[in-house]
Amino acid sequence: MYDINKVREDFPILQREVYGRPLVYLDNAATTQKPLCVLDAMREEYLNVNANVHRGVHYLSQQATDLHEAARERVRQFINARKTEEIVFTRGTTEAINLVASSFCESQMREGDEVVVTDMEHHSNIVPWQLEAMKRGIVVRHLPITDDGCLVDCDNIAACLTEKTRLLSLAHVSNVLGTVNPVADIIRLAHERGIPVLIDAAQSAPHIKLDVQALDCDFLAFSGHKMYGPTGIGVLYGKEEWLEKLPPYQGGGEMIDKVTWEKTTFERLPFKFEAGTPDYVATHGLAKAIDYVESLGLDNIQQHEEKLTRYCMEQLQTIEGIRIYGPQCSMDKDAVVSFNIGDIHHLDIGTLLDRLGIAVRTGHHCAQPLMDRLGISGTVRASFALYNTKEEVDALVAGIRRVAQMF
C-alpha cells in the first residue's frame, strides 16, 4: 500500500482552503485532481516541444509526434489492446460513444434494428443513440435494473436480446450507484448471439484494471480527466476488424489519404477517426497520468478506495433518515456513494456541505432515466479517489449530521 500523505503532496490543490476550511474534495466521479507530474510534463512540452504533429519534417514536429505516438502506445499497454491501431484519441468518453453511434449506425444498422443499453446509463450512452434513432429509425431498448441498483440476471438479459439487436452498450461502473456490472459475462452472452459490445469505462478506468483482450469487448471508451489526466482527452478502443468496417466520424485534415474534387480516400487506422489537429499535449499528459496510477498500483488504489467506500457507508447508515442508493455491500460497488436524507433536498445538502469546505455532487448526475427508475429527482454523491482519507470521510459524515440537524 502506498503512503497516502506522500501521495497527497503530489496534488497541491488538496492543501487549499474553501470558505476558511480545509478542502475535502469528494467529487472525483465528475473529475479528479491532477498530480504535479502531469502538469509538469504538459508545461514542459508547451515550453520546449510545441509543434503540430505528423505533418512536419522539422525537429520540433518530429519530437511532438514521437511523444504523441508514445502516448498511444502507453494507452495500448494500459488496457492491453493488441495494436496501437486500435487506440483512437477523442475528446473524452462522450465523443468516443458518439463516434461509435454515428459510424456504427450509418454502416451496420437499418430502420427497426435495435441498440440495447441499461437503466443505469449516463446520458452520454443514451442521447447519442436517441439521435441516431431520430435520423435512422433504429430502436433504443434498455435493460431493467433491480431495486438495489443491479442488472437483472443473465437469463433476463439474454431474453432482452433479439434477432434485431445489433449492439449492446453499457457502463462498466454506474456513475450514480457505483454498481460494478459483470461485463465479462455480459460480453460472452452477447457474443454467443453475434452481438458486439461497447463498454463505457469512464468510471472504471481510474479504479479497476482493464484488459480489453480478456474482456473481449468490441469497443471501450474512457476519459483522461477522470483518471488524473487533463481534460479534453479520451480514448476509444475498437477491435481492428470493427474499426476497419466503420466509416469516418468527421472529415478534415489528418484523416485523409488523398483528396480530389471527385473523391476522397481515407488514412489508415487509427488516423481515419482523428480529423484535425489532436490535443497532442493532452495525450502526453494522459500518458503521464497512466504512469502515475500504475506506479501506485491499481490493486492498491482499488483496495484503498474500497476501504473508504465501506467505511463511508457504515458511518452514513448511523444517520437517521439516510437512504443509500445502489448495492449495499461495498464489495459490489466502486468508490461512489449516493444518498438522500429524509425530505431534505439534495441541493440544500450539497450547498451547506460546500460552506463547510466539502465538495460533493448533487442532482441527477446526467442519469435522469435512472432517477425516474428510482423515483427521485436526484441525490447527493460522494466519490472517492486514490488521495482521499478516512479523516475526510469523517468530515463528510460530521457535515451531514450538522446539515440534518438544521432541518
Side-chain angles (χ1 to χ4, degrees), residues 72 79 81-118 121 123-142 160-171 186-187 189-201 212 215-222 234-260 262-276 278:
R72 197 186 307 274
I79 63 174
R82 289 184 307 142
K83 300 179 177 182
T84 54
E85 286 84 353
E86 297 179 320
I87 305 300
V88 178
F89 285 124
T90 66
R91 290 182 298 140
T93 304
T94 297
E95 185 177 50
I97 296 175
N98 273 272
L99 188 163
V100 176
S102 176
S103 296
F104 190 93
C105 292
E106 177 183 341
S107 62
Q108 305 295 316
M109 299 186 74
R110 299 178 180 178
E111 184 174 350
D113 285 346
E114 300 172 350
V115 61
V116 175
V117 296
T118 81
E121 298 307 314
H123 293 165
S124 295
N125 198 27
I126 298 174
V127 179
W129 306 111
Q130 291 180 328
L131 291 173
E132 293 300 321
M134 287 188 285
K135 288 190 291 186
R136 307 182 192 279
I138 68 168
V139 177
V140 182
R141 299 178 58 241
H142 48 101
C160 291
L161 304 177
T162 75
E163 70 276 3
K164 290 190 174 183
T165 303
R166 297 292 176 262
L167 183 75
L168 173 59
S169 186
L170 76 157
I186 294 170
I187 291 166
L189 182 152
H191 283 179
E192 288 172 355
R193 291 154 178 78
I195 301 168
V197 181
L198 185 159
I199 299 298
D200 173 355
V212 294
L215 288 173
D216 197 29
C217 56
D218 301 277
F219 304 97
L220 180 140
F222 67 91
V235 171
L236 171 66
Y237 158 80
K239 285 183 178 177
E240 184 179 23
E241 55 266 37
W242 273 115
L243 294 181
E244 291 285 10
K245 292 178 186 177
L246 302 186
Y249 171 54
Q250 295 176 321
E254 183 64 26
M255 51 75 68
I256 58 90
D257 172 40
K258 183 176 179 61
V259 177
T260 69
E262 292 73 32
K263 182 181 180 181
T264 295
T265 56
F266 304 117
E267 182 61 282
R268 68 190 188 279
L269 294 177
F271 308 114
K272 179 173 75 169
F273 295 104
E274 294 182 351

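When side chains are defined from C-beta on, P270 does not count as touching I87, because their heavy atoms never get closer than 4.5 Å. A 4.5 Å side-chain heavy-atom check between T90 and V235 finds every atom pair outside the cut-off. Side chains of F273 and L246 form a contact here, defined as non-hydrogen atoms less than 4.5 Å apart. You'll find the side chain of I186 reaches within 4.5 Å of the side chain of L170, heavy atoms only. Looking only at side-chain heavy atoms (C-beta outward), H191 and D216 come within less than 4.5 Å of each other. Taking 4.5 Å as the limit, some side-chain heavy atom of W129 sits within range of a side-chain heavy atom of V140. In this structure, the side chains of H142 and T118 stay at 4.5 Å or more apart for every pair of heavy atoms. Side-chain contact check for I97 versus L236: every heavy-atom pair is 4.5 Å or farther apart.
The minimum heavy-atom distance between L161 and A190, with the atom names listed, is CD1-CA, 4.3 Å. Taking both residues in full, the closest heavy atoms of A275 and G252 are given as CB-N, 4.2 Å, listed atom of the first, atom of the second, then distance. The two atoms that bring C160 and T165 nearest to each other are O-OG1, 4.2 Å, heavy atoms only.
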Stepwise, does the salt bridge (Lys or Arg N to Asp or Glu O under 4.0 Å) test hold for E244 with R268? CA-CA 9 Å; E244 291 285 10; R268 68 190 188 279; over 6 Å; no
Set out, in order, the CA-CA distance, both residues' side-chain angles and the distance that settles side-chain contact (heavy atoms from CB on, under 4.5 Å) for M255 and Q250, then state yes or no. CA-CA 8 Å; M255 51 75 68; Q250 295 176 321; over 6 Å; no
side-chain contact (heavy atoms from CB on, under 4.5 Å), that's the test. Do V100 and Y249 meet it? Break it down for me. CA-CA 8 Å; V100 176; Y249 171 54; over 6 Å; no
Could you go step by step and tell me if R72 and T84 meet the side-chain contact (heavy atoms from CB on, under 4.5 Å) rule? CA-CA 6 Å; R72 197 186 307 274; T84 54; 4.0 Å; yes
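With salt bridges taken as basic N to acidic carboxylate O contacts below 4.0 Å, none links K272 and E85. Using a cutoff of 4.0 Å between basic side-chain nitrogens and carboxylate oxygens, D113 and K164 are not scored as salt-bridged. A salt bridge links E114 to R141: at least one charged side-chain nitrogen sits closer than 4.0 Å to a carboxylate oxygen. Under 4.0 Å is where a charged nitrogen must lie from a carboxylate oxygen, and between K245 and E241 no such pair does.
Between the side chain of Q108 and the main chain of F104, no donor-acceptor pair closer than 3.5 Å is present. A side-chain donor-acceptor contact under 3.5 Å links T265 to the backbone of K258.
Side-chain N/O atoms of E106 and S103 include no donor and acceptor closer than 3.5 Å.
With V116 as the fixed residue, the side chain to side chain contact (heavy atoms under 4.5 Å, CB included) test singles out one of L168, V197, T162: L168. Of the listed residues (D218, L243, V212, V88), just one forms a side chain to side chain contact (heavy atoms under 4.5 Å, CB included) with Y237, and that residue is V212.
Taking CG of D200 as the start and CG of N125 as the end, the distance is 5.5 Å to the nearest 0.5 Å. Annotation: the span from L269 atom CG to E240 atom CD amounts to 6.5 Å, rounded to 0.5 Å. Rounding to the nearest 0.5 angstrom, the gap separating the CG atom in L220 from the CD atom in E86 is 11.5 Å. Considering NZ of K135 and CD of E111, their distance stands at 15.0 Å, rounded to 0.5 Å. Between the CG atom in L167 and the SG atom in C105 there is a gap of 7.5 Å [rounded to 0.5 Å]. Annotation: the span from E132 atom CD to M109 atom CE amounts to 9.0 Å, rounded to 0.5 Å.
Atom CZ of R110 has 12 or fewer heavy atoms from other residues, nucleotides or ligands within 6.0 Å.
Within the cation-pi definition used here (under 6.0 Å to the ring centroid, within 45° of the axis), K239 does not qualify as a partner of W242.
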